[in-house]
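Throughout, a chain's letter reflects where its sequence line sits, starting with A, and its residues are numbered from 1.
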Amino acid sequence: MPQAVIFDYGVGNLLSLKTALEKAGLNSTIGTSAKDLAKADAIALPGVGSFTAASSKLGAVKETLQNKIKDGTPLLGICLGLQLFFEKSEEGPGNGLAFFKGKNVQLPKTVKVPHMGWNTLNFVQQNELFEGVAEGTYVYFVHSLYPVPKDKSIVCTTTEYGTTFTSAIASKNIYGTQFHPEKSGDIGLKILKNFVKTVVR
Amino acid sequence: MPLAKRVVPCLDVDHGKVVKGINFLQLKHAGDPVEMAKRYSDEGADELVFLDITASSENRDILRGVVEGVAKAISIPFTVGGGIRNVADARLVLCSGADKVAVNTAAVEHPKVITELADVFGRQCVVNAIDAKRNRKPSDGKIMVETGEGKVWFEVNTYGGRKPTGIDAIAWALQAEQLGAGEFLVTSMDKDGTEDGYDIELTRAISERVNVPVIASGGAGIPKHLLDVFTEGKADAALAASIFHYNKYPVPVVKDYLRKAGVNIRP
């Protein structure tokens, strides 16, 4: 079974993601160092923690991550993990990984924040990550910020909540979801299985 | 707004067993929280809440086992409440796989615990549970709400509803939001156990004033009660226990009813 490494920024609950990845067919371990990441067949940046704290933890492994991506290792960023693909965040100071140009901004004040619960995916373009996932499918969100990519060609899905925001991106072997596939029931598991397919290929 | 309203079954857990409503059909071990969580999840529940009612410290390991078991069995979010007094208590359940913790008495007695939890885990992890009871006696500085039975204010009770505090529930919610609460679980003590419908006025009074989601709780007996609390009560989520436990109205029946009534519900 291929080996996924979930990068731990040092805050709490990674068990759900670990369990979900294992159900999807990836043996998963928690990693904190460049050494841990170097041996991974797939890497996941999870969705718990703050932008500032996580970005400081990622600083030490950024080069390793870049090399792994260049070598074709699939990378999945979930929620905060996706937001870290960009340069900056209104959540707080610190530099993201800057894999893509753009920043993360606050959801509008006209709606209740955090955006918490099940909301729908509207496809901008199809991607292997969403094979078998229908337009309008409900997935689970819990977040207060969302990414605004400069390059719109990476946007896979958008979602409506006070505004139309980017809810998933893909670019080669980099995938990111603003929602939590590990908390999105069977459909979330399907998305993770699609991710796993890109790993074993 | 495409964000769906959430239907949230609640399970009371004592020493690792579900204690209320163990009348599930076709379960090997009636009262096993993991098995019941799995069933609700399979039936389409949007989220689950576990309230640990065991008031003892030796319970920690049992609770951890339950939370881990549930986290492995289901892939929808769940909240754990009951006896969470500080960051260490919260860490135990969050690191065992829970998505959110609910704080009640500890937050009323030491409001800064809300801020501490939000700083460590993020505010989306912090549910402030409020047990509120109608009080008809006009009192200085209380927020009086017009209801079907005249003007009342809502009083916060702690220790599982045993201790009236004199604190105004609406004012407390506004303060807790400022301190970092990411969601409210508002239980009406007047309605809890009646199966007579939610306290619509209480739910709306809080939901309209705060800018974080509100879960209504207490009083659900038929699917129409959930419809009323979503439409008139402006609730973002509705929690219920007995309506589901006794298989009177299984989750799919309730969700189907709500969808047909025009509520945005996840299939």
Side-chain angles (χ1 to χ4, degrees), chain A residues 10-20 22-24 47-51 53-54 79-80 91 107-122 134 136-145 158-162 164 180-192, chain B residues 1-8 41-47 67-78 87 90-101 118-127 177 181-184 207-208 210-215 234 236-237 264-267:
Chain A
V11 203
N13 180 15
L14 304 176
L15 188 71
S16 304
L17 180 56
K18 187 175 187 299
T19 307
E22 278 166 7
K23 280 185 192 162
V48 278
S50 73
F51 187 87
C79 194
L80 173 66
E91 187 192 340
L107 282 163
K109 299 248 182 291
T110 50
V111 286
K112 290 188 173 189
V113 176
H115 173 214
M116 191 182 285
W118 298 80
N119 205 333
T120 52
L121 297 177
N122 307 305
T137 293
Y138 283 87
V139 289
Y140 190 82
F141 289 87
V142 48
H143 64 120
S144 304
L145 296 104
T158 61
T159 296
E160 304 285 328
Y161 191 65
T164 302
H180 288 261
E182 80 281 16
K183 286 286 153 192
S184 296
D186 290 344
I187 203 73
L189 193 60
K190 179 170 224 137
I191 292 166
L192 291 176
Chain B
M1 194 71 59
L3 176 65
K5 300 284 188 183
R6 285 171 280 154
V7 174
V8 185
S41 171
D42 290 345
E43 286 184 343
D46 296 310
E47 198 168 318
V67 175
E68 274 178 11
V70 170
K72 283 180 182 156
I74 65 171
S75 48
I76 58 169
F78 69 102
V87 168
R91 193 185 299 277
L92 177 90
V93 295
L94 292 172
C95 288
S96 304
D99 298 283
K100 306 183 237 179
V101 289
D119 284 348
V120 176
F121 304 108
R123 70 183 302 155
Q124 80 288 343
C125 280
V126 186
V127 182
E177 183 186 20
E183 191 169 32
F184 289 99
S207 192
E208 283 186 342
V210 298
N211 200 41
V212 298
V214 170
I215 308 169
K234 308 279 169 74
D236 301 284
N264 183 10
I265 290 287
R266 176 179 74 114

Closest-packed option against chain A by number of heavy-atom pairs under 4.5 Å, given B:Cys125, B:Ser96, B:Ala71, B:Pro213
B:Pro213
Region of A:Ser16 in contact with chain B, defined by heavy-atom distances below 4.5 Å:
side chain
Okay, A:Lys109 and chain B: the region with an atom under 4.5 Å from a heavy atom over there is backbone
Evaluate the side-chain proximity of B:Arg91 to B:Phe121: yes if any heavy-atom separation is below 4.5 Å, no if none is.
yes
Pairs of heavy atoms under 4.5 Å with chain B: top-ranked of A:Asn119, A:Asp186, A:Leu189
A:Asn119
Turns out that what part of B:Arg6 lies under 4.5 Å from chain A's heavy atoms comes down to side chain
For A:His180 and A:Glu182, indicate whether the former's side chain and the latter's backbone hold a donor-acceptor pair under 3.5 Å.
no
Mind listing the closest non-hydrogen atom pair of A:Tyr140 and B:Glu47 along with its distance?
OH-OE1, 3.4 Å
Answer with side chain, backbone, both or neither: which region of B:Val93 has an atom nearer than 4.5 Å to a non-hydrogen atom of chain A?
neither
Is it the side chain or the backbone of B:Ala90 that comes within 4.5 Å of chain A heavy atoms, both, or neither?
neither
So which part of B:Asp236 gets closer than 4.5 Å to some heavy atom of chain A, the side chain, the backbone, both or neither?
side chain
Check: B:Ser207 side chain, B:Lys234 main-chain N or O, donor-acceptor pair, under 3.5 Å
yes
Is the backbone N or O of B:Glu177 less than 3.5 Å from a side-chain atom of B:Arg123, with the two atoms forming a donor-acceptor pair by type?
yes
Quick check: do A:Lys112 and B:Asn211 have side-chain heavy atoms less than 4.5 Å from each other?
yes
Is it the side chain or the backbone of B:Ala237 that comes within 4.5 Å of chain A heavy atoms, both, or neither?
neither
Would you call the rings of A:Tyr161 and A:His115 parallel, tilted or perpendicular, taking 30° and 60° as the class edges?
parallel
